[in-house]
Amino acid sequence: MMRAWILPMLLVLCGSAVATGLIFEGNPGTAAALLPAFLALAGMNSPLIFPRSIGAGEAERRSAADGRPVVFWRPGCKYCIRLRIRLGRSARRLHWVNIWSDPAGAAAVRAANDGNETVPTVVVAGRPHTNPEPAWVREQLSPSA
């Protein structure tokens with residue numbers, strides 16, 4: 001899980017260093033414009049915006065027990081971020097697997113997508129769906145889930 005924090009931390013540190021350098025060079029306006037860009041990139045790559053990830057095996061076991069879909073994702077994926085944001089609070093009712101921290105999850109995604117690690121891949125009732133519409137994913141959630 002610590003690996004998921006490396007890129008966001010590097011983006012914050014690099015953005016801070018660049019902004020500090022620009023301020024010392026007398027360009028505070030440029031620094032003020034660049035720092036939020038680095039922070040936004042760090043946020044997009046942060047595991048904080050996604051519910052806690054679990055392993056693929058655990059997600060499959062839980063999904064079999066409760067019928068909830070499994071979402072395979074990776075940090076920085078704009079389609080994953082779009083899905084997460086558009087699902088809103090419903091996102092917590094899904095089982096999330098970060099394929100960059102779970103080799104079995106990455107293998108499951110490759111098996112479903114002709115060898116490609118295309119995410120988000122949402123598995124509903126054992127059937128994979130690549131980059132589905134958020135409204136469709138929300139419909140797949142049973143009222144009891």
* Asked: Can N113 and T121 be counted as having a side-chain donor-acceptor contact under 3.5 angstrom?
  ->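 Side chains of N113 and T121: pair found under 3.5 Å.
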* Asked: Angle class for the W96/W73 ring planes (parallel below 30°, perpendicular above 60°, tilted otherwise)?
  ->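 Ring orientation of W96 relative to W73: perpendicular.
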* Please name all residues satisfying salt bridge (charged side-chain N to carboxylate O under 4.0 Å, His left out) with R82, sequence neighbours left out, ordered by chain then number. =>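 For R82, the residues satisfying salt bridge (charged side-chain N to carboxylate O under 4.0 Å, His left out) (neighbours in sequence not counted) are E133.
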* To do: Only counting residues at least two apart or in another chain, list the ones meeting salt bridge (charged side-chain N to carboxylate O under 4.0 Å, His left out) with E58.
  =>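 Applying salt bridge (charged side-chain N to carboxylate O under 4.0 Å, His left out) to E58 gives R61, R62.
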Pairs of donor and acceptor atoms involving the side chains of residues 31-42, under 3.5 Å and at least two apart or interchain, shall be tabulated with distances.
none

* Asked: Are any of the side-chain heavy atoms of V71 and H95 separated by less than 4.5 Å?
  ->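 No; the side chains remain at least 4.5 Å from each other.
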* How would you list all residue pairs meeting salt bridge (Lys or Arg N to Asp or Glu O under 4.0 Å) that involve residues 102-111, not counting sequence neighbours? ->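 Residue pairs with at least one partner in residues 102-111: R110-E117.
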* Asked: Among pairs that include at least one residue of residues 7-35, which meet salt bridge (Lys or Arg N to Asp or Glu O under 4.0 Å), considering only residues two or more places apart or in two chains?
  ->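 Qualifying pairs, neighbours excluded: none.
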* To do: Can you sort out the partners of T30 under side chain to side chain donor-acceptor pair (under 3.5 Å), two or more places apart, ordered by chain and number?
  =>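 Once residues adjacent in sequence are excluded, T30 has no partner under the side chain to side chain donor-acceptor pair (under 3.5 Å) criterion.
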* To do: List for me each residue that meets side chain to side chain donor-acceptor pair (under 3.5 Å) alongside N116, sequence neighbours excluded, and say none if there are none.
  =>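 Checked N116 against side chain to side chain donor-acceptor pair (under 3.5 Å); zero matches.
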* Asked: Stepwise, does the side-chain contact (heavy atoms from CB on, under 4.5 Å) test hold for L87 with R138?
  -> CA-CA 7 Å; L87 285 174; R138 197 176 301 110; 4.2 Å; yes
* Tell me, please, which residues at least two apart from V123 pass side chain to side chain contact (heavy atoms under 4.5 Å, CB included). =>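 Only V70, F72, P128 meet the side chain to side chain contact (heavy atoms under 4.5 Å, CB included) criterion with V123.
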Which atom names give the shortest non-hydrogen contact between [X] and [Y], and what distance separates them?
X: G105; Y: V97; result: CA-CG1, 4.1 Å
X: C80; Y: V119; result: SG-CG2, 3.7 Å
X: V137; Y: P132; result: CG2-CG, 3.5 Å
X: V122; Y: P69; result: CG1-CB, 3.9 Å
X: R68; Y: R93; result: CD-O, 2.7 Å

* **Same apolar cluster (I L V M F W Y, side chains within < 4.5 Å links), W136/L94** =>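 As far as the 4.5 Å side-chain criterion goes, L94 and W136 are connected within one cluster.
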* Co-membership, hydrophobic cluster, residues L83 and L141, 4.5 Å side-chain ->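 Same hydrophobic cluster.
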* **Any donor-acceptor N/O pair, S63 side chain to A59 backbone, under 3.5 Å** =>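 Between the backbone of A59 and the side chain of S63 there is no qualifying donor-acceptor contact (under 3.5 Å).
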